[in-house]
A.B. asks: 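The structure that follows is given in the form of structure tokens.
Quick caveat: nothing in here was measured; it's all calculated off a predicted structure.
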Amino acid sequence: MKSQDLTTAYRDPAVARALLRQIETTVRNYRRQMTLMEVCGTHTMAIYQHGIRALLPEQIRLISGPGCPVCVTPVDYVDRAVALARRPGTIITTFGDMVRVPGSSSSLLREQAAGADIRIVYSPLDAIAIAACNPGKEVVFLGVGFETTTPTVAGAVLAAEKQGLTNFSVLGSHKTMPAPMMALTSDPELQVDGYLCPAHVSAIIGADAYRPIVEACRVPCVVTGFEPLDVLRGVLMLARQVVEGRAEVENEYSRVVRPDGNPKARQILETVFEPCDARWRGIGVIPGSGLRIRNSHAAFNAELKLPVEVEEPVEHKGCLCGEILKGKVRPGDCPLFRKICTPEDPVGACMVSSEGTCAAEYKYGNI
């Protein structure tokens with residue numbers, strides 16, 4: 001089957017209507033509102049793009065969580081990247097969204113305009129190639145992302161090691177997904193009834209990674225794909241669990257995600273990285289929710305290799321990105337939204353990233 005045909009198969013309007021009827025039937029006699037959270041930026045975009053939130057019965061409230069890697073990256077990380085960009089003889093390499101994220105007093109985009117050598121890459125291996133071509137300069141890759149992208153960064157470190165490159169390093173801010181879900185579950189202001197678990201991350205860590213959440217917190221988890229029928233089916237599976245009082249891990253995306261994920265990718269990741277505590281924008285430090293480069297590969301850790309003075313981090317006044325990332329408020333509740341915070345001139349990270357909740361609301365909010 002061609003990829004276009006496969007996509008069409010998961011966007012069939014007749015099947016969507018049938019799923020919606022099943023969802024309505026499932027919750028018809030449910031006497032309170034259930035709150036379901038998606039913790040993946042791609043899910044957030046799909047839900048907004050296809051107007052799924054408005055199609056669901058009033059008993060179901062969908063909220064967006066901390067699933068966008070750029071959005072959850074704290075201000076002090078951006079400040080350190082800016083400080084490195086100002087360092088003579090340094091080339092910063094990064095995925096595109098990061099250059100526009102505001103730090104305390106600057107951004108990488110501003111530093112680039114001021115003359116810093118900042119280059120957009122599509123893969124960490126692109127950064128390796130730049131390092132090989134610039135032996136007299138230090139090439140720093142901004143390692144931001146979840147388990148989906150971290151194996152590729154680990155692969156780049158191993159490639160640099162194999163090539164004997166001594167001018168390549170990674171400024172890491174890698175996050176892992178199950179830990180923040182556990183933290184949000186314990187927040188009494190949220191009362192999350194179920195999670196749509198991220199598809200890309202789950203392809204690496206496997207559906208079984210969410211069992212500690214259902215066992216410790218009794219919150220249902222459904223690994224869900226990105227197409228509209230995937231999302232509707234995921235909502236239906238979660239709604240059935242909530243109504244029936246069950247808390248299990250179910251896998252709607254079994255055509256891609258296995259119970260044990262991708263062992264080879266995890267092995268590469270674990271060769272280079274080890275668990276650590278991590279700071280999340282708006283949430284704070286979550287124990288064991290990050291990944292740092294192991295001491296065995298410290299020569300590729302930019303934070304250790306290239307010490308710089310970093311300014312005291314300052315959050316932008318009035319920006320509600322932190323509360324939005326926790327699902328406590330919607331973008332429209334932020335006094336800056338659509339007024340002084342827009343995709344063309346973003347104030348907060350949630351408006352910068354293509355997978356940010358504010359960017360999705362701005363682009364598709366009227367659907």
A.B. asks: Is K137 close to N167 at the side-chain level, that is, under 4.5 Å between some pair of heavy atoms?
C.D. replies: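 N167 does not reach K137 side chain to side chain.
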A.B. asks: Answer yes or no: is there an ion pair linking E147 with R266, defined by an N-O contact shorter than 4.0 Å?
C.D. replies: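 No salt bridge links E147 with R266.
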A.B. asks: If you look at every heavy atom in A349 and V101, which pair is closest and at what distance?
C.D. replies: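 Closest pair (atom of A349, atom of V101, distance): CB-CG1, 4.2 Å.
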A.B. asks: Any idea which heavy atoms bring V75 and P313 closest together, and the distance?
C.D. replies: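 Where V75 meets P313 most closely, the heavy atoms are CG1-CB, 4.3 Å.
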A.B. asks: Kindly compute the distance separating CE (M351) from NZ (K363), expressed to the nearest 0.5 Å.
C.D. replies: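 Here the rounded value is 12.5 Å.
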A.B. asks: Tell me, yes or no, whether the heavy-atom count around R279 atom CZ, taken from other residues, nucleotides or ligands under 6.0 Å, exceeds 12.
C.D. replies: no
A.B. asks: Does some side-chain heavy atom of F141 sit less than 4.5 Å from a side-chain heavy atom of L171?
C.D. replies: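 No - every pair of side-chain heavy atoms lies 4.5 Å or more apart.
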A.B. asks: Indicate the atoms forming the closest heavy-atom contact of G67 with M177, along with that distance.
C.D. replies: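 For G67 versus M177, the nearest heavy atoms are CA-CE, 4.4 Å.
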A.B. asks: A183 and I286: which non-hydrogen atoms are nearest, and at how many Å?
C.D. replies: CB-CD1, 4.2 Å
A.B. asks: Using modelled atom types only, decide if a donor and an acceptor are shared between the side chain of T73 and the backbone of P69 within a distance under 3.5 Å.
C.D. replies: yes
A.B. asks: May I have the step-by-step check of side-chain contact (heavy atoms from CB on, under 4.5 Å) for D117 and T90, ending in yes or no?
C.D. replies: CA-CA 7 Å; D117 194 345; T90 301; over 6 Å; no
A.B. asks: Taking atom CG of L36 and atom CE of M237, what is their separation to the nearest 0.5 Å?
C.D. replies: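 It is 13.0 Å, given to the nearest 0.5 Å.
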A.B. asks: Take atom CD in Q191; do more than 12 heavy atoms of anything else shown fall under 6.0 Å from it?
C.D. replies: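 No - once you tally the heavy atoms of other residues, nucleotides and ligands closer than 6.0 Å, there are 12 at most.
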A.B. asks: Contact between V285 and W280 at the side-chain level, heavy atoms closer than 4.5 Å - yes or no?
C.D. replies: no
A.B. asks: Do H200 and F226 pass the ring pair (Phe, Tyr, Trp, His ring centres under 6.0 Å) test, and can you show the C-alpha distance, the side-chain angles, and the key distance before you say yes or no?
C.D. replies: CA-CA 9 Å; H200 289 151; F226 298 120; 4.4 Å; yes
A.B. asks: If we count only N and O atoms by modelled type, under 3.5 Å, do the side chains of T357 and Y48 hold a donor and an acceptor together?
C.D. replies: no
A.B. asks: Following the transitive rule for hydrophobic clusters with a side-chain heavy-atom cut-off under 4.5 Å over Ile, Leu, Val, Met, Phe, Trp and Tyr, establish whether L158 and I204 coincide in one cluster.
C.D. replies: no
A.B. asks: Looking at F273, is R294 sitting on its ring face, NZ or CZ under 6.0 Å from the six-membered ring centre and within 45 degrees of the normal?
C.D. replies: no
A.B. asks: Please answer whether the main-chain N or O of C350 pairs with a side-chain N or O of S353 as donor and acceptor at a distance below 3.5 Å.
C.D. replies: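 Flag not set: sc S353 to bb C350 has no pair under 3.5 Å.
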A.B. asks: Could you measure the distance from the OG1 atom of T148 to the NE2 atom of H174? Nearest 0.5 Å is fine.
C.D. replies: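 The OG1 atom of T148 sits 10.5 Å away from the NE2 atom of H174.
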A.B. asks: One thing to verify: whether E323 and K326 come together as a salt bridge, which I'm taking to mean a side-chain N less than 4.0 angstrom from a carboxylate O.
C.D. replies: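 Looking at E323 together with K326, the answer is yes, because their closest N to O distance falls below 4.0 Å.
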A.B. asks: Has E58 got more than 12 heavy atoms of other residues, nucleotides or ligands less than 6.0 Å from its CD?
C.D. replies: no
A.B. asks: Between P198, P66, C68, C197, which is the residue that forms a side-chain contact (heavy atoms from CB on, under 4.5 Å) with C40?
C.D. replies: P198
A.B. asks: A160 and I128: which non-hydrogen atoms are nearest, and at how many Å?
C.D. replies: CB-CD1, 3.4 Å
A.B. asks: Any side-chain heavy-atom pair from D208 and R211 closer than 4.5 angstrom?
C.D. replies: yes
A.B. asks: How many angstroms lie between OG1 in T35 and CD1 in I60, if you round to the nearest 0.5 Å?
C.D. replies: 10.5 Å
A.B. asks: Would you check if the side chain of E252 reaches a backbone N or O of G225 as a donor-acceptor pair within less than 3.5 Å?
C.D. replies: yes
A.B. asks: Give a yes or no on whether a salt bridge exists between K328 and D187, defined as a side-chain N under 4.0 angstrom from a carboxylate O.
C.D. replies: yes
A.B. asks: Under a 4.0 Å N-O cut-off, is there an ion pair linking R218 with D193?
C.D. replies: no
A.B. asks: Where the side chain of Y195 meets the backbone of M181, is there a donor-acceptor pair that is under 3.5 Å apart?
C.D. replies: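 Yes, Y195 side chain to M181 backbone: donor-acceptor pair under 3.5 Å.
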A.B. asks: According to a hydrophobic-cluster definition based on side-chain heavy atoms being under 4.5 Å apart (Ile, Leu, Val, Met, Phe, Trp, Tyr only), do V70 and L291 belong together?
C.D. replies: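 Different clusters: V70 never reaches L291 through Ile, Leu, Val, Met, Phe, Trp or Tyr contacts under 4.5 Å.
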A.B. asks: Drop me the distance from L62's CG to L238's CG, to the nearest 0.5 angstrom.
C.D. replies: 9.0 Å
A.B. asks: Check for a donor-acceptor pair, side chain of T224 on one end and backbone N or O of G234 on the other, with a separation under 3.5 Å.
C.D. replies: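 Not a single qualifying donor-acceptor pair exists.
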A.B. asks: From L236 CG over to L56 CG, what is the distance, rounded to the nearest 0.5 angstrom?
C.D. replies: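 The CG atom of L56 is 10.5 Å from CG of L236, to the nearest 0.5 Å.
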A.B. asks: Does F146 share a hydrophobic cluster with I283, counting links as ILVMFWY side-chain heavy atoms below 4.5 Å and allowing steps through other members?
C.D. replies: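 Same cluster.
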A.B. asks: Minimum heavy-atom separation for M45 and G356, please, with both atom names.
C.D. replies: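 Taking every non-hydrogen atom into account, SD-O, 4.5 Å.
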A.B. asks: Grouping I, L, V, M, F, W and Y whenever their side-chain heavy atoms are under 4.5 Å apart, do V242 and I23 come out in a common cluster?
C.D. replies: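 Looking at the clustering, I23 is in the same group as V242.
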A.B. asks: Tell me which one of L142, V140, I92 satisfies side-chain contact (heavy atoms from CB on, under 4.5 Å) with I118.
C.D. replies: I92
A.B. asks: Classify the side-chain pair E312/S104 by whether it contains a donor and acceptor separated by less than 3.5 Å.
C.D. replies: no
A.B. asks: Side-chain contact, heavy-atom cut-off 4.5 Å: I91 with E138?
C.D. replies: no
A.B. asks: Between R255 and D230, is the closest basic N to carboxylate O distance under 4.0 Å?
C.D. replies: yes
A.B. asks: Just so I know, are the side chains of M37 and S64 near enough to count as touching, which here means a heavy-atom distance under 4.5 Å?
C.D. replies: no
A.B. asks: Can you confirm whether P74 sits close enough to S173 that some side-chain heavy atom of one is under 4.5 Å from a side-chain heavy atom of the other?
C.D. replies: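 Yes. Closest side-chain heavy atoms under 4.5 Å.
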A.B. asks: Give a yes or no on whether a salt bridge exists between D333 and R330, defined as a side-chain N under 4.0 angstrom from a carboxylate O.
C.D. replies: no
A.B. asks: Okay, side chain of T26, backbone of A239: is any donor-acceptor separation there less than 3.5 Å?
C.D. replies: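 Flag not set: sc T26 to bb A239 has no pair under 3.5 Å.
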A.B. asks: Checking side-chain contact (heavy atoms from CB on, under 4.5 Å) for the pair Y253/S202: CA distance, chi angles, key distance, verdict?
C.D. replies: CA-CA 9 Å; Y253 203 39; S202 302; over 6 Å; no
A.B. asks: Measure from the side-chain N and O atoms of T271 to the backbone N and O of Q267, and report whether any donor-acceptor pair falls under 3.5 Å.
C.D. replies: yes
A.B. asks: Does a donor on one side chain sit under 3.5 Å from an acceptor on the other, for E355 and T44?
C.D. replies: no
A.B. asks: Output, in order, the C-alpha distance, side-chain angles, deciding distance and verdict of side-chain contact (heavy atoms from CB on, under 4.5 Å) for T93 and D126.
C.D. replies: CA-CA 9 Å; T93 56; D126 294 341; over 6 Å; no
A.B. asks: Examine the side chains of E250 and Q241 and answer whether a donor and an acceptor come within less than 3.5 Å of each other.
C.D. replies: yes
A.B. asks: Walk me through whether Q22 and R240 qualify under side-chain hydrogen bond (donor to acceptor under 3.5 Å, both in side chains).
C.D. replies: CA-CA 10 Å; Q22 291 181 63; R240 283 174 171 165; 3.1 Å; yes
A.B. asks: For the backbone of V222 and the side chain of N251, can you confirm whether one donor and one acceptor N or O come within less than 3.5 Å of each other?
C.D. replies: no
A.B. asks: Do I47 and P228 come close enough that some side-chain heavy atom pair is under 4.5 Å?
C.D. replies: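 I47 does not reach P228 side chain to side chain.
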A.B. asks: Any side-chain donor-acceptor pair under 3.5 Å between Q112 and R119?
C.D. replies: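 R119 and Q112 do not have a side-chain donor-acceptor pair below 3.5 Å.
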A.B. asks: Measure from the side-chain N and O atoms of H50 to the backbone N and O of V231, and report whether any donor-acceptor pair falls under 3.5 Å.
C.D. replies: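 Judged by distance alone, no pair lies under 3.5 Å.
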A.B. asks: List the steps and the verdict of side-chain contact (heavy atoms from CB on, under 4.5 Å) for V272 and I268.
C.D. replies: CA-CA 7 Å; V272 176; I268 294 172; 5.7 Å; no
A.B. asks: Parallel, tilted or perpendicular for F300 and F168, by the 30°/60° rule?
C.D. replies: tilted
A.B. asks: When you measure from the side chain of D12 to the backbone of A14, do you find a donor-acceptor pair of N or O atoms at a distance under 3.5 Å?
C.D. replies: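 At least one qualifying donor-acceptor pair exists.
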A.B. asks: What about V72 and L320, same hydrophobic cluster or not, with Ile/Leu/Val/Met/Phe/Trp/Tyr joined at side-chain heavy-atom distances under 4.5 Å?
C.D. replies: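 No: no chain of side-chain contacts under 4.5 Å links V72 to L320.
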